[in-house]
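Letters A, B, ... are given to chains in the order of the sequence lines, protein chains preceding strands, and every chain is numbered from 1.
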Amino acid sequence: MGLRLHNTLTRRLEPFEPADPDRVGIYGCGPTIYGHAHIGNFRTFLFYDLLHRYLEWKGYGLHFVMNFTDVDDKTIGAAREAELTIAEYTEPFAEAILAEADALGMRRFDLYPRATAYVDRMIELVAALLEKGLAYTTADGSVFFDISAFPDYGKLSGKDLDQGRTGERVADDEYEKDDARDFALWKGVKPEDEEVGAAWDAPWGRGRPGWHLECSVMGMVEVGETLDLHLGGEDLIFPHHEGEIAQSEGATGKPFARIWLHVKHLRVEGEKMSKSLGNFITVRQLLDEGVSPAAIRHQLLSAQYRRELNFSRAGLEASEKAVTRLLDFRDRVARALDDSPGEEEGAATPPVPPLVAAARNARSAFEEAMDDDLNVSGGLGALFTFVSRGNSRLDEDAPLDPREGRAALELLDSLDQVLGVMELGSQARTVHDDELEAWVEDRIQARSEARKDRDWARADAIREELADRGIVLEDGADGTRWKRVGAAVGDRG
RNA sequence: GGCGCCGUGGCCAAGUGGUAAGGCAGAGGACUGCAAAUCCUUUAUCCCCGGUUCGAAUCCGGGCGGCGCCUCCA
């Protein structure tokens, strides 16, 4: 069984069959960069990252593109207020988002195109649609897509356009168009557009591209006329992706994407995240508070992308603990492997040791879950089941067979190529501060002496002192070990 | 009004026909000077009512409850 994905277009699970497995073309709708990205954006982007990592893990070669939308109404409005051009205004946000993506352990995609760099190609596409009679111009220099000329319009979102309230909310749109449901390919210039450098010349008049047009063009130019996968948040199904289909397929006559994936919106503490509720949380805020990136990543990835996910402080704490359990286990295996006896030359090959078999099972259970529409909860379950088995095995008296230690580490590292939580967590654990490290070692030495003298009060005081600095001690048969624990969650003073 | 999703232990969450993975939290125990980590034990009428079936959390019907989208918010 290979990977199967839920295609919004057919509303069914479909086998993933890219045209060229060595170059799978993927386009994900990225953020509009008029402000800082919030954690909802990052649920979507982390899903892209999970997909990216999983497909690479499965051996596919990818060409993965995520755009930055750097021109739209809000961007123009914000740039005007800041008295900057849209280019000046947006670029810092693009950089901030990439920095946050890095902080959350996202691997870089192949390309992050900015819409404004593709205006020439957008004009070409509009010209083609006008040529084909799928679009019309208006007196103010705008161009609209004529949905009545494109029978497939509505196929992605499943809308019956002759019914319901579709179009109701835009009946008073300031642009004149034949049908309220027609959407803008090109918006005739307004004075405020010129102020911020958001206007370009086109054969039918000066103006700026419509939102849907941008993604159609970046997708087709950078990935191809038919994408293997097109990704986005669930809110984009209509009208954004419906519009992209109309424009792209209207122009090329080819399917724009084989499979459409849509990520469900995140909730925050049980509520919809919105500015009016005042519960907008940015990744930047969380990081500044000292919340561990691994906990954020774990929580945002912990539910399957089409399931409801509620982001909460309590959940962050649970995630922090879960990642800690993984890291502790990995460290424990690594130590046990160091201590395990070397291979005996010429020894008869014993049967498969228990942990080797468990690792094998875990790997296949993980892959089976992930193949089922990226069921990451099931995948994490497989990983943690292995951790329990491994800890039990390490508690046994029988020394660890080196093959077991290696199989366990290989498994952990392999699954983390996909999950990326241990790599983030272990970064946070690594102390880069020689001075601190020396101090900790010194304190541990002092405590050991106190313990030797059975001066428990002093020993405990030292342990407390270390705990205040985020250092946790573990006394073992072979001495005292220490580790740095993740930043406190929700502890804002 | 249209289209769609969801309802599993204290919290989060897999499982879509053969009597319930996993994480967090709680209780008891082992280990420890005490801890930490780890292990063991322990906590589920799977929203309700019908139906199909030898058998349903899983399929069908009807309720109840929560949620999303319906023109520019990932």
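Nucleic acid contact for A:Val263: none, since no nucleic acid atom lies under 4.0 Å from a heavy atom of the residue. Among the heavy atoms of the strands, none lies under 4.0 Å from A:His212. Using a 4.0 Å heavy-atom distance criterion, A:Thr32 is classed as a sugar-phosphate-only contact. Using a 4.0 Å heavy-atom distance criterion, A:Thr385 is classed as a sugar-phosphate-only contact. At a threshold of 4.0 angstrom between heavy atoms, the contacts of A:Gly381 include nucleobase atoms, whether or not backbone atoms are also involved. As judged by a 4.0 angstrom heavy-atom cut-off over every strand, A:Ala322 is placed among residues touching the sugar-phosphate backbone only. Contact annotation for A:Gly315: no contact, since no heavy-atom pair falls under 4.0 Å across all strands. A:Leu266 comes within contact range of at least one nucleobase, with a heavy-atom separation under 4.0 Å.
At a cut-off of 3.5 angstrom, the base of B:C34 holds at least one donor-acceptor pair with the side chain of A:Asp475. Side-chain N/O atoms of A:Thr44 and base N/O atoms of B:A74 include a donor-acceptor pair closer than 3.5 Å. Interface remark: the A:His262 side chain does not form any donor-acceptor pair with the B:A74 base, using a distance-only criterion of under 3.5 Å. At a cut-off of 3.5 angstrom, the base of B:C72 holds at least one donor-acceptor pair with the side chain of A:Lys187. Below the 3.5 angstrom threshold, one finds no donor paired with an acceptor across the side chain of A:Arg306 and the base of B:C5. No donor-acceptor contact under 3.5 Å links the side chain of A:Arg43 to the base of B:A74. For B:G33, the base has a donor-acceptor partner in the side chain of A:Arg447 [N/O atoms by modelled type, under 3.5 angstrom]. With hydrogens and angles ignored, a donor-acceptor pair closer than 3.5 Å exists between the side chain of A:Asp460 and the base of B:G33.
In this structure, CZ of A:Arg481 is placed 11 Å from P of B:U38, rounded to the nearest angstrom. Atom CZ in A:Phe329 sits about 16 Å away from atom C1' in B:G23, given to the nearest Å. Rounded to an integer number of Å, the gap from CD of A:Glu271 to P of B:G66 is 14 Å. Between the CG atom of A:Leu236 and the P atom of B:C70 there is a distance of 10 Å, given to the nearest Å. We find that CG of A:Asn310 is positioned 16 Å from P of B:G66, with the value rounded to whole Å. Remark: P of B:G33 and CD1 of A:Ile462 are 17 Å apart, rounded to the nearest angstrom. Atom CG in A:Leu400 sits roughly 15 Å away from atom C1' in B:U38 (whole-Å rounding). Counting to the nearest Å, the P atom of B:C12 and the CG atom of A:Leu316 are 15 Å from each other.
Pair assignment for B:A27 gives B:U41, based on Watson-Crick or G-U wobble hydrogen-bonding distances that are each under 3.5 Å.
Considering only side-chain atoms of A:Lys264, the nucleotide from B:C5, B:U38, B:A74 that sits closest is B:C5. Among the nucleotides B:U38, B:C72, B:C34, the one closest to the side chain of A:Arg332 is B:U38. Considering only the side chain of A:Ser388, B:G23 comes nearest among B:G33, B:G23, B:A37. With B:G22, B:A74, B:A37 as the candidates, the nucleotide lying closest to the side chain of A:Phe384 is B:G22. Taking the side chain of A:Asp372 as heavy atoms from C-beta on, and the options B:C39, B:A35, B:G15, the nearest nucleotide is B:G15. Side-chain atoms of A:Glu308 lie closest to B:C67 of the nucleotides B:C67, B:G15, B:U71. The side chain of A:His265 lies closest to B:A74, out of B:A14, B:A37, B:A74. The nucleotide whose nearest atom lies closest to any side-chain atom of A:Arg463 is, among B:A36, B:G33, B:U71, B:G33. Of the candidates B:A14, B:A74, B:G33, B:G33 carries the atom nearest the A:Trp456 side chain, counting heavy atoms from C-beta on.
Across the interface with RNA chain B, nearest-nucleotide mapping of A:Arg11 and A:Leu309 shows A:Arg11 to be the residue nearer the 5′ end. Looking at which nucleotide of RNA chain B each of A:Arg307 and A:Ser157 is closest to, the 5′-most match is held by A:Ser157.
Between atom CG of residue A:Asp416 and atom CZ of residue A:Arg53 there is a gap of 7.0 Å, rounded to the nearest 0.5 Å. To the nearest 0.5 Å, the span separating CZ on A:Phe145 from CG on A:Asp182 amounts to 8.5 Å.
In this model, the phosphate group of B:C40 is approached by a side-chain N or O of A:Ser392 to a distance below 4.0 Å at OP1 or OP2. Dashed line: the shortest gap from a side-chain N or O of A:Lys272 to OP1 or OP2 of B:C69 is under 4.0 Å. Using a 4.0 Å cut-off, some side-chain N or O of A:Lys321 falls inside it from OP1 or OP2 of B:A25. Dashed line: the shortest gap from a side-chain N or O of A:Asn391 to OP1 or OP2 of B:C39 is under 4.0 Å. Of the side-chain N and O atoms in A:Arg325, one or more sit less than 4.0 angstrom from OP1 or OP2 of B:C39. Note on A:Lys74: a side-chain N or O is less than 4.0 Å away from OP1 or OP2 of B:C73.
Taking the P atoms as reference points, B:G4 lies 22 Å from B:G17, given to the whole Å. For the C1' atoms, the distance linking B:U8 with B:G66 amounts to 15 Å, nearest Å. Between B:U45 and B:A56, the two C1' atoms lie 14 Å apart (nearest whole Å). Nucleotides B:C40 and B:C46 are separated by 27 Å at their P atoms, to the nearest Å. When the C1' atom is compared between B:U42 and B:G2, the two are found 50 Å apart, to the nearest whole Å. Spacing between B:C49 and B:C54 at atom C1', rounded to whole Å, works out to 23 Å. Here, B:G15 and B:A21 have their C1' atoms 7 Å apart, quoted to the whole Å. Separation of the C1' atoms belonging to B:A20 and B:U58 is 11 Å when rounded to the nearest angstrom.
Relative ring orientation between A:Phe64 and A:Tyr48 is described as tilted, the plane-to-plane angle lying within the 30° to 60° band. Between A:Trp260 and A:His241, the angle of the ring planes lies from 30° to 60°, which puts this pair in the tilted group. A parallel orientation is assigned to the rings of A:Trp211 and A:His240, their planes being inclined by less than 30° (bins at 30° and 60°).
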>> For A:Asp140 and A:Thr138: C-alpha separation, side-chain torsions, deciding distance, then whether side-chain hydrogen bond (donor to acceptor under 3.5 Å, both in side chains) applies.
In response: CA-CA 6 Å; A:Asp140 67 350; A:Thr138 58; 2.6 Å; yes

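Note on A:Lys264 versus A:Asp235: no salt bridge recorded, every NZ/NE/NH1/NH2 to OD/OE distance being 4.0 Å or above. Between A:Arg429 and A:Asp331 there is a salt bridge, since a side-chain N of the basic residue sits under 4.0 Å from a carboxylate O of the acidic one.
Side chain to side chain, A:Thr10 and A:Glu14 meet the donor-acceptor criterion of an N or O pair below 3.5 Å.
Between A:Phe42 and A:Phe45, a ring centre-to-centre spacing shorter than 6.0 Å is recorded.
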